[in-house]
Amino acid sequence: MRKKRRSRQFKESSRVIDMEEARLRRREKRREEERARELEGDPLYVRSQKRKRALRQKQAVRRIILIGILLVMLLFIAGSVTRIILLKKEQNDVMKRQEQLLEEKAEKEEELKNVDSIENLEEQARKLRLIKPGETLYIQQEDEEE
């Protein structure tokens, strides 16, 4: 029934209502009521204001704690990322060193195969200035100017 009365009331009224203006008036009216309560020293009003302040303070503390936790998490993530990057770099360095060592190993194995060959023995003997029986060793002196 109530709807019918309201709808009749609005049908009969040709007045246009500005919603923003109505909201502003309502807010102003509430502010005036709060000021009146404050001036009167209404204990319920004072308690409600204290509760509001306490709630705001709790919310502020929660925000600060949340921001602190987020910062700590970001620091841990940044530290982990830098460690991962450094470990990847070290892994690449180790892989390059491993390739070098494998190449050296292959060269040494090839050299090991040729150790017992006659050509290699002759070459090593020549480096040590050894001669075969019946050969003469000639040593050239290098110029001092060079």
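Hydrogens, waters and symmetry mates are skipped; everything else that's a heavy atom, side chains included, is used.
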[X]: what forms a side chain to side chain contact (heavy atoms under 4.5 Å, CB included) with it, not counting sequence neighbours?
{"X": "Thr82", "answer": "none"}
{"X": "Glu33", "answer": "Lys29"}
{"X": "Arg83", "answer": "Ser80"}
{"X": "Glu28", "answer": "Arg31, Glu32, Arg35"}

Review point. Atom CE of Met95 and atom CG of Asn92: how far apart are they, to the nearest 0.5 Å?
Key: 8.0 Å
Check your understanding: Distance from Leu55 atom CG to Lys50 atom NZ, nearest 0.5 Å?
Key -> 16.0 Å
Connected-component partners of [X] among ILVMFWY, side-chain separation under 4.5 Å:
{"X": "Leu101", "result": "none"}
{"X": "Phe76", "result": "Val72"}
{"X": "Ile77", "result": "Val81, Ile85"}

Exercise for review: Tell me, please, which residues at least two apart from Glu34 pass salt bridge (charged side-chain N to carboxylate O under 4.0 Å, His left out).
Suggested key: none
Check your understanding: Counting only heavy atoms not in Ile118, do more than 12 sit closer than 6.0 Å to its CD1 atom?
Key -> no
Going by atom type alone, with no hydrogens or angles, which donor-acceptor pairs under 3.5 Å involve a side-chain atom of residues 59-70 and a protein atom two or more places apart or on another chain?
none

Review point. Any side chain to side chain donor-acceptor pair (under 3.5 Å) pairs touching residues 16-25, not counting sequence neighbours?
Key: Glu20-Arg23, Glu21-Arg25
Review point. So which pairs with a foot in residues 98-123 pass salt bridge (charged side-chain N to carboxylate O under 4.0 Å, His left out), sequence neighbours left out?
Key: Glu122-Lys132, Glu123-Lys127
